[in-house]
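What follows is a single structure, written as structure tokens, with notes after it.
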Amino acid sequence: MAQFNWRMPRWFHQMGSPKWFYNFGGLLQPWFTLAAFLLLTCGMVWGLAFAPADYQQGNSFRIMYVHVPAAILSQSVFLSMAIAGAIGLIWKMKIAFMVARSCIAIGATFTLIALVTGAIWGKPTWGAYWVWDARLTSTLVLLFLYAGVMALNQAISERQIAGKATAILAIVGTINIPIIKYSVEWWNTLHQSSSFSLTDKPTMPSEMYLPLLLTVLGSYFLFGLVVLTRTRAQILQTQNGASWLMQHKDISGAK
Amino acid sequence: MGFMLAIIRRDLLLVARQPAEMINPLVFFVLVVALFPLGVSPEASLLSQTAAGVIWVAAMLATLLSLELLFKLDHDDGSLEQLLLAPYPSWCLVLAKVFVHWLVSGLPLILISPLIAMMLFLPSDAVPTLMLSLLLGTPTLSLLGAIGAALVTGVRGGGMLLTLLILPLYVPVIIFGASSVAAAALGMPVDGYMALLGAMFVFALMITPWAAGAALKL
Amino acid sequence: MGFMLAIIRRDLLLVARQPAEMINPLVFFVLVVALFPLGVSPEASLLSQTAAGVIWVAAMLATLLSLELLFKLDHDDGSLEQLLLAPYPSWCLVLAKVFVHWLVSGLPLILISPLIAMMLFLPSDAVPTLMLSLLLGTPTLSLLGAIGAALVTGVRGGGMLLTLLILPLYVPVIIFGASSVAAAALGMPVDGYMALLGAMFVFALMITPWAAGAALKL
Amino acid sequence: MYFESVDALWHMAGHGPYVWSCYGLFIVLLAANVWHARSERKQALKQAQAFIRRNSNYQANTYVDAP
Amino acid sequence: MPFPSPAMKPLLCISDLACERDSRTLYQGLNINVEAGDLWHIKGRNGAGKTTFLRQLAGLHAVDEGEVQLLNNDTRMIYIGHKLGLKEQLTADENLTWLAGLDGLSTQKQRFMALEQVGLRGYEESVVAQLSAGQKRRVALARLHLCKADIWLLDEPFTSIDQQGIADEQEWLNKHTLAGGAVLMTSHQDITLAQVQVLDMGDYARQTCQYLANENGNIT
Amino acid sequence: MPFPSPAMKPLLCISDLACERDSRTLYQGLNINVEAGDLWHIKGRNGAGKTTFLRQLAGLHAVDEGEVQLLNNDTRMIYIGHKLGLKEQLTADENLTWLAGLDGLSTQKQRFMALEQVGLRGYEESVVAQLSAGQKRRVALARLHLCKADIWLLDEPFTSIDQQGIADEQEWLNKHTLAGGAVLMTSHQDITLAQVQVLDMGDYARQTCQYLANENGNIT
Ligand code: HEM
Ligand SMILES: Nc1ncnc2c1ncn2[C@@H]1O[C@H](COP(=O)(O)OP(=O)(O)OP(=O)(O)O)[C@@H](O)[C@H]1O
Ligand SMILES: Nc1ncnc2c1ncn2[C@@H]1O[C@H](COP(=O)(O)OP(=O)(O)OP(=O)(O)O)[C@@H](O)[C@H]1O
Ligand SMILES: [Mg+2]
Ligand SMILES: [Mg+2]
């Protein structure tokens with residue numbers, strides 16, 4: 001492993017401390033919960049009931065308000081996972097591995113949602129649930145990447161080793177994502193000029209665009225919430241016996 | 001260099017002691033390609049249309065399956081530990097082992113591919129392209145696969161896991177490999193494809209020793 | 001019976017402890033099927049023509065690969081010895097292990113096959129036939145495969161060897177399985193194929209426990 | 001509201017099943033994730049409390065430090 | 001306990017047993033009767049054929065020459081060899097469950113008691129992969145306390161076990177033989193029990209120069 | 001011979017080493033200096049952490065707390081653990097060839113002499129799969145005579161070896177330490193050499209209650 005000895009700023013160093021992360025995460029968590037709940041609820045209700053229908057696709061276009069956030073998050077989460085993994089590998093920071101581990105399930109969920117909602121959306125618009133379109137295919141491959149990361153993480157019983165292995169795979173996978181995307185796009189356009197281009201964005205009026213912004217932001221907060229909760233749970237699991245934890249109000253208070 | 005040579009010599013000796021291991025990926029390749037017409041249809045037109053893809057997918061599966069044992073056997077009997085303890089960087093080890101793997105599983109595939117191409121009615125103009133694309137592509141497959149093999153080393157029943165880890169990484173290679181052959185069959189130029197396959201090879205050569213070496217040291 | 005139950009319980013527990021092993025043949029199946037369009041062509045017409053064969057070949061490969069570990073892990077850690085020393089006939093052991101193998105690798109394939117069929121544009125009329133043929137065919141594949149798995153137990157790198165031994169036995173299953181689906185896609189009757197698949201299942205059920213049991217005792 | 005009635009909102013001119021199933025899936029899967037994360041946390045808290053209980057009558061040398 | 005009294009009850013008759021591996025004769029003319037209460041310590045230098053002998057008795061290695069005869073069909077044997085037969089992903093308790101299930105069922109209490117006897121209290125729910133070499137062997141040995149077998153075939157059961165553990169083990173051997181069981185075991189360490197009988201594989205090795213040994217030309 | 005005189009030349013500094021596996025502390029505060037001529041016998045009950053300790057020294061297990069420092073970068077170590085690192089399909093001689101090739105080359109004569117020293121004369125061309133447990137371990141140990149390493153890390157090197165073999169082994173240890181090498185080894189059997197120093201892992205087990213140990217939460 002690369003063993004750099006870069007000087008870290010103080011806050012960065014602090015972040016590696018389980019105690020600091022646990023406490024600071026505890027402060028953030030309620031705000032994330034609130035933000036995620038409000039943004040998602042408003043965005044979805046707006047999108048479902050108040051936004052105008054698309055002149056071409058009709059009401060099926062409302063699927064966008066869940067499909068697009070899921071599709072965007074599926075990629076952001078993978079990237080976050082790889083960055084966290086890289087931080088863990090370079091600075092030997094255990095918290096970073098925990099964060100990466102917390103990303104896996106939620107990222108896979110977003111990818112699955114993007115795929116399924118996309119497929120469902122395809123039926124009324126394209127007349128088929130599935131076509132071998134570039135974007136669809138690369139999302140499917142992304143799902144497989146997540147499945148691989150998840151399986152690898154599960155298959156290794158020792159936590160530290162599992163964390164490092166997962167990090168390496170996530171990094172390699174991230175380097176590959178643009179390559180996959182590019183190759184798939186290129187492959188499809190060669191064989192079959194796709195009649196369903198997703199790329200040109202309709203110039204949307206703001207009452208169609210704003211709900212989307214809300215759900216996307218809400219999804220980011222939800223992602224943050226899940227990562228915080230999971231990482232803090234892992235801190236609890238691995239810090240058995242640390243004095244700060246044993247005297248923490250979460251534990252002694254809840255007793 | 002001496003270190004890498006020692007590993008290469010040892011691994012070739014092991015293969016020589018058990019030639020079944022050498023011939024196996026090849027036979028798997030041939031069998032998959034042979035089963036395909038049985039399952040699908042013996043029609044020449046359909047087969048020649050699909051030949052490029054089938055050959056590339058079969059080659060990939062054959063490589064993938066033989067990759068499982070790349071580090072696993074060494075891990076199980078403890079010789080991987082000894083190799084890692086030697087005073088040489090672990091990327092030397094990875095490169096040496098990948099080289100032998102390709103020599104044993106990739107090269108025979110390339111040599112037999114004209115025969116397979118004939119069985120699937122691939123236009124004979126496309127055969128040189130097929131061989132060239134395999135020559136550029138199979139080392140990439142071996143290299144990328146080594147990352148997965150290193151990651152699953154020591155995990156029970158890692159074979160399937162390896163598949164899962166590595167197949168997504170193989171997607172670009174398959175696409176360009178198969179497309180190049182299909183293009184050649186249609187008489188189109190293939191320089192671009194070859195350049196891409198070459199670029200991917202160089203790329204794999206750059207990241208693999210680092211990633212697989214790090215994974216082995218976990 | 002108690003003996004078989006003990007084995008079944010243990011093997012299911014092992015799977016539960018490592019769910020990756022359970023989901024893996026499934027993922028392999030899905031991946032192969034997903035790579036096929038990448039290699040060949042995304043055109044719906046071509047895909048729907050080849051769908052039946054591709055699904056069956058992929059199902060067979062997925063079964064085959066997971067078979068490798070059927071007895072191997074037990075052999076490697078010495079628990080196979082203990083199982084063989086128990087005062088029960090070895091066919092009980094074989095049946096119990098094959099049952100778990102099918103439950104874990106065959107059944108999920110069947111359940112996911114409609115989705116795969118959709119992705120390959122198989123006509124939806126043929127989907128029930130596909131599922132029924134897989135239901136009759138995959139246990140046969142598991143049973144026949146067990147013979148090979150028992151024979152290669154204790155052989156290093158036996159995975160490839162297993163492939164060689166077993167693929168020829170799989171040919172009839174593949175042919176009838178794929179043909180039945182193709183027939184259904186064309187709206188033709190499939191009773192005859194199903195009868196044949198059923199007969200092969202019964203046949204495999206009769207010879208496998210004996211043959212694999214004997215092979216294990218070698 | 002864009003729709004005239006709740007019924008129209010439900011129906012969405014024939015697109016109802018598609019749209020509602022998508023939203024349902026989104027909510028269910030994400031809620032499952034949040035729920036699972038919380039249950040993980042609860043479990044870990046319980047485990048930590050059990051640890052304290054086990055170690056409260058701890059004696060220096062006889063303690064078997066089992067996982 | 002399998003037998004009411006430790007009288008000289010024969011359990012196993014080994015007559016004229018020989019073994020050849022790769023056309024090299026390891027031992028020949030091996031005759032012993034294993035009786036209830038016997039504790040056989042099989043000795044011999046490395047490669048003498050101790051493991052092979054035990055595996056022949058267990059039925060895991062073919063007997064081509066001579067005979068191994070169980071005098072009572074109900075006699076149960078347990079063989080614990082170099083490979084322990086434990087599933088690494090399962091916990092100690094789960095491993096014992098299936099191992100005991102091969103001969104009959106066991107209750108959790110019985111299993112926990114067996115684990116306590118081998119000094120693994122507190123490790124019942126530990127995954128075997130996370131145990132040390134000696135702890136793994138202890139899990140395998142716990143089976144001796146769980147399944148009531150008459151004959152124990154133990155191949156180097158002291159391997160990796162610490163001093164206290166070896167003393168404990170000898171106590172179990174003592175108890176088992178006194179209760180009318182029989183033990184055949186190999187070890188390069190000494191056994192301090194009084195009832196030990198030594199079987200030295202060296203005594204059964206082909207003694208004379210090969211081509212003088214055999215009259216009728218079956219030099220093998 | 002690596003060192004001209006067996007003076008108190010420090011080779012390896014272990015300072016404040018600790019090890020935690022799955023959030024259980026195995027040992028902590030381990031400080032020893034290994035000097036030329038030292039023979040450390042690492043003792044401890046099963047599961048004390050002896051294997052883990054040796055693997056940390058060899059660099060096969062991560063050192064998260066404390067430090068293991070080689071004072072001279074040229075110092076070579078050999079680690080022989082539970083798994084021997086032999087290829088079963090290769091002969092004893094071929095195995096030694098590649099193992100020796102990791103540090104440098106060896107001639108066939110050297111390899112044959114090493115095999116003779118471990119009592120495997122006549123087995124040079126035998127495939128390792130066909131050797132007995134003790135013979136396999138002897139092949140692995142033959143490497144000690146072939147590669148000139150300063151520090152030997154041996155995990156239970158007496159396992160499966162017969163009495164004569166153990167006596168021989170101790171002779172090698174003696175020679176190596178007298179010549180200025182160092183040995184760290186685990187064993188549950190006693191070593192009869194005079195220069196033995198005992199390192200009891202039990203002395204470094206966590207003594208106090210866990211949650212009193214650390215103020216700032218950096219337990220790991
Ligand atoms: C299984 C099927 C589908 C999958 C896997 C899929 C996947 C994706 C992905 C990966 C994105 C990119 C998000 C980003 O990074 O900006 C996306 C965006 C989008 N998708 Fe889909 N999609 C599918 C079906 C559909 C269908 C049927 C439609 C509508 C006809 C659709 C409309 C959109 C729109 C409007 C966007 C946002 C455009 C943009 O930001 O570039 N998708 N989808
Ligand atoms: N892979 C693992 N994961 C987690 N914990 C482990 C693992 N391997 C061993 N341990 C734990 O570490 C401790 C020390 O193990 P180690 O193998 O170092 O012991 P040892 O002193 O060598 O014992 P033995 O005398 O039995 O060989 C044991 O209590 C064991 O439970
Ligand atoms: N698989 C095999 N094929 C052929 N010969 C073998 C095989 N296994 C062992 N042998 C030979 O049989 C002889 C006896 O082996 P065995 O394992 O029974 O010895 P052992 O007395 O148990 O020795 P140890 O004390 O080293 O365990 C050895 O000389 C060995 O070379
Ligand atoms: Mg032996
Ligand atoms: Mg140990």
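Protein chains get the first letters and strands the later ones, always in sequence-line order, with residue 1 at the start of each. Fair warning: this is a prediction, and the values are worked out from it, not measured in the lab.
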* Asked: Which bit of Leu5(C) comes within less than 4.5 Å of chain E, counting heavy atoms only: side chain, backbone, both or neither?
  ->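 For Leu5(C), no heavy atom lies under 4.5 Å from chain E.
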* Based on non-hydrogen pairs under 4.5 Å, which of Leu102(E), Ile78(E), Leu105(E) is most in contact with chain C? ->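 Max contact count across the listed options: Leu102(E).
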For the side chain of [X] and the backbone of [Y], is there at least one donor-acceptor N/O pair under 3.5 Å apart?
X         : Y         : value
Glu65(E)  : Leu17(E)  : no
Asp38(E)  : Trp40(E)  : no
Arg10(C)  : Trp98(E)  : no
Ser105(C) : Trp102(C) : no

* **Structural part of Leu90(E) lying under 4.5 Å from a heavy atom of chain C** =>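 Contact with chain C: backbone and side chain both.
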